[in-house]
Amino acid sequence: MVRVGIAGIGFMGWIHWLAYQKLKDVKVVAIATPEPERQQGDWTAIKGNFGPPGQQVDLSELRVYDDLDQMLADDQVDMVDLCLPPALHVNGIVAAAAANKHIFCEKPLALRLDECDRAIAASQSAQRILMVGHVLPFFSEFQFLRNLIETQTYGRLIGGHFQRVISDPAWLKNFYDPALVGGPLFDLHVHDAHFIRLLFGMPHAVDSVGRQRGEVVEYCQSLYHFDDPDLVVSSTMGVINQQGRPFMHGFEVHFETATVHFQFAALADPHPAEINPVKVFTQDGKVHFPDLGDSDPLFAFEKEIAEVVASIQRGLPSPVLDGKLARDAVQICEMQAAKVRSKNVSVQG
């Protein structure tokens, strides 16, 4: 049994809590949160863009702490689940590793590459497993792609385009602060950066054009350059300032003998979401609609955390959630940001 302490009871802490309740071989034994009402189990104020709203939670069998340091002193906690704001990730990882805890940290690993390296070095020095919550590969549409690659059902992977665009998240405090949240690249696009790295390997260069809001990239389009010249991979990410479509993501991925397409868009109430389900276009001119089962986003988190638990039990980090892969995702975002800034400075000059 893996015994978990959750640090940070916000939206992601709530979603992780729900996932743990569905799994075997793992148990939440402690939480750390400074909010008095949440220490009492009143999580009703928690809201997000999917899943059920927060509820009253029975914490009578858990140990409740004011902060992470208190929880790290608990020798009954095997693994810390860090659902803290991004700027607090690295110090939390370093402290957890020093306390001899395995670590599961929400994305991004950090907001700067050197901070990623510090986190990885701390976990390695302590011989603790560090995994990062890049949940996208566990969503049914994206897991379907991974399965096609592993089975080589349609031959070699030769490219794709990935989209992730939201309306301006006025409700999210400090979203555009590069030192606290990092803006759209590090809070939003890092999902696709990680997935691109997972599927295609590490690009040696990127070419990006985009708009900035202050110090951060607000919106950009990017082309990734790999050693294999046949790989054509691109992305669109960022924020639009019209609130009628709060979220959109999707992909079109190319294999030698097929193309796979998917797109989802949430629309403002009272409009239903627009779902363009996964389709496979094959060389014989046919269109296939694979049955992916129930696509409830909560299932993805259950699969992700099940992977975390299995990794702790076998003593090896997940190849999908490994900290080094998460570091590469941050590096890709840094490459894109640098390219956009350099071009914007040139234009202004």
Side-chain angles (χ1 to χ4, degrees), residues 107-117 119-121 124 130-132 134 136-139 141-164 182 184-186 188-210 217 220-238 249-262 280-281 283 316-343 346:
K107 63 80 195 166
L109 173 56
L111 296 175
R112 300 199 319 268
L113 195 59
D114 62 327
E115 291 283 79
C116 291
D117 291 336
I120 292 170
Q124 289 178 334
L130 167 62
M131 289 174 283
V132 182
H134 281 284
L136 194 65
F138 298 93
F139 279 78
E141 299 85 2
F142 294 82
Q143 193 167 45
F144 175 73
L145 269 182
R146 291 170 55 208
N147 292 338
L148 292 182
I149 294 166
E150 290 172 5
T151 59
Q152 296 187 325
T153 302
Y154 298 111
R156 189 167 60 94
L157 186 65
I158 57 175
H161 181 72
F162 300 84
Q163 296 173 289
R164 190 165 305 272
L185 271 173
F186 294 90
L188 179 73
H189 172 70
V190 73
H191 281 297
D192 291 310
H194 174 269
F195 197 67
I196 288 168
R197 168 64 181 86
L198 181 65
L199 264 56
F200 300 97
M202 188 67 181
H204 61 74
V206 299
D207 191 19
S208 299
V209 294
V217 178
C220 75
Q221 297 192 352
S222 301
L223 182 65
Y224 305 85
H225 301 278
F226 299 89
D227 292 337
D228 182 351
D230 288 338
L231 288 178
V232 181
V233 182
S234 59
S235 70
T236 300
M237 83 90 217
H249 76 159
F251 57 74
E252 179 168 299
V253 171
H254 307 130
F255 295 86
E256 288 179 300
T257 64
T259 290
V260 185
H261 180 266
F262 161 72
V280 181
F281 306 105
Q283 282 188 328
L316 294 171
S318 161
V320 178
L321 302 173
D322 181 47
K324 294 178 182 177
L325 200 66
R327 174 203 183 275
D328 286 350
V330 171
Q331 183 175 5
I332 291 171
C333 292
E334 283 196 350
M335 293 162 66
Q336 292 172 255
K339 184 64 71 170
V340 171
R341 291 192 195 108
S342 68
K343 290 186 177 181
S346 297

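Note that these values count all heavy atoms, side chains included, but never hydrogens, waters or copies made by symmetry.
The ring pair (Phe, Tyr, Trp, His ring centres under 6.0 Å) search around His249 returns Phe142, Phe247, Phe262, not counting sequence neighbours. Under the rule for a side chain to side chain donor-acceptor pair (under 3.5 Å), the partners of Thr153 that lie at least two apart in sequence or sit in another chain are Thr151.
Between Val260 and Phe281, the closest side-chain pair of non-hydrogen atoms is not below 4.5 Å. Between Met237 and Pro184 there is a side-chain heavy-atom pair separated by less than 4.5 Å. For the pair Phe139 and Leu145, the minimum side-chain heavy-atom distance is 4.5 Å or more. Side-chain atoms of Val209 and Lys343, non-hydrogen and from C-beta on, do get closer than 4.5 Å to each other. Contact check for Thr259 versus Tyr154: no side-chain heavy atoms found under the 4.5 Å cut-off. Side-chain atoms of Leu157 and Ile149, non-hydrogen and from C-beta on, do get closer than 4.5 Å to each other. Taking 4.5 Å as the limit, some side-chain heavy atom of Ile332 sits within range of a side-chain heavy atom of Pro203. Side-chain atoms of Val232 and Phe226, non-hydrogen and from C-beta on, never get closer than 4.5 Å to each other.
Checking side-chain atoms of Ser234 against main-chain N and O of Ser222 turns up no donor-acceptor pair under 3.5 Å. Looking only at distances, a side-chain donor or acceptor of Glu334 sits under 3.5 Å from a matching main-chain atom of Leu113. In this structure, the side chain of Arg146 engages the main chain of Pro137 through a donor-acceptor pair within 3.5 Å.
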Mind running side chain to side chain contact (heavy atoms under 4.5 Å, CB included) on Ile158 and Arg156 for me, showing each step along the way?
-> CA-CA 6 Å; Ile158 57 175; Arg156 189 167 60 94; 4.0 Å; yes
Which is it for Phe138 and Val320 under the side chain to side chain contact (heavy atoms under 4.5 Å, CB included) test, yes or no, and what are the steps along the way?
-> CA-CA 9 Å; Phe138 298 93; Val320 178; 4.0 Å; yes
Step by step, would you call Met202 with Asp227 a side chain to side chain contact (heavy atoms under 4.5 Å, CB included)?
-> CA-CA 9 Å; Met202 188 67 181; Asp227 292 337; over 6 Å; no
Can you check side chain to side chain contact (heavy atoms under 4.5 Å, CB included) on Gln163 and Phe251, steps first, answer last?
-> CA-CA 6 Å; Gln163 296 173 289; Phe251 57 74; over 6 Å; no
Before giving the answer on salt bridge (charged side-chain N to carboxylate O under 4.0 Å, His left out), spell out for Arg197 and Asp192 the whole-Å C-alpha distance, their side-chain angles and the decisive distance to 0.1 Å.
-> CA-CA 8 Å; Arg197 168 64 181 86; Asp192 291 310; over 6 Å; no
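Annotation: cation-pi pair Arg112/Phe186 absent, no NZ/CZ under 6.0 Å from the ring centroid and within 45° of its normal.
To the nearest 0.5 Å, atoms NE2 (His189) and OG1 (Thr236) are separated by 9.5 Å. To the nearest 0.5 Å, the span separating CG on Leu199 from NE2 on His194 amounts to 10.5 Å. Rounding to the nearest 0.5 Å gives a distance of 13.0 Å between NZ of Lys339 and CZ of Arg341. For the atom pair CG (Asp207) and NE2 (His225), the distance works out to 5.0 Å, reported to the nearest 0.5 Å.
Scanning all heavy atoms of the two residues, the minimum distance from Leu136 to His191 falls at CD2-O, 3.8 Å. Scanning both residues, Leu130 and Ala119, for their nearest heavy atoms gives CD2-O, 4.1 Å. Shortest non-hydrogen contact noted between Cys220 and Val340 is CB-CG2, 4.0 Å. In terms of heavy-atom proximity, His134 sits nearest to Val190 at CE1-O, 3.6 Å. Nearest approach of Ala258 to Val280, heavy atoms of both residues: CB-CG1, 4.0 Å. Across all non-hydrogen atoms, the minimal contact from Gly155 to Thr257 is N-OG1, 4.3 Å.
Between the side chains of Gln331 and Arg327, a donor-acceptor pair is found at a separation under 3.5 Å. Side-chain atoms of Ser235 and His161 form no donor-acceptor pair, as typed in the model, at a separation below 3.5 Å.
Taking the six-membered ring for Trp and thresholds of 30 and 60 degrees, Phe200 and Phe162 have ring planes more than 60 degrees apart, a perpendicular arrangement.
Atom CD of Glu256 is surrounded by more than 12 heavy atoms from other residues, nucleotides or ligands within 6.0 Å.
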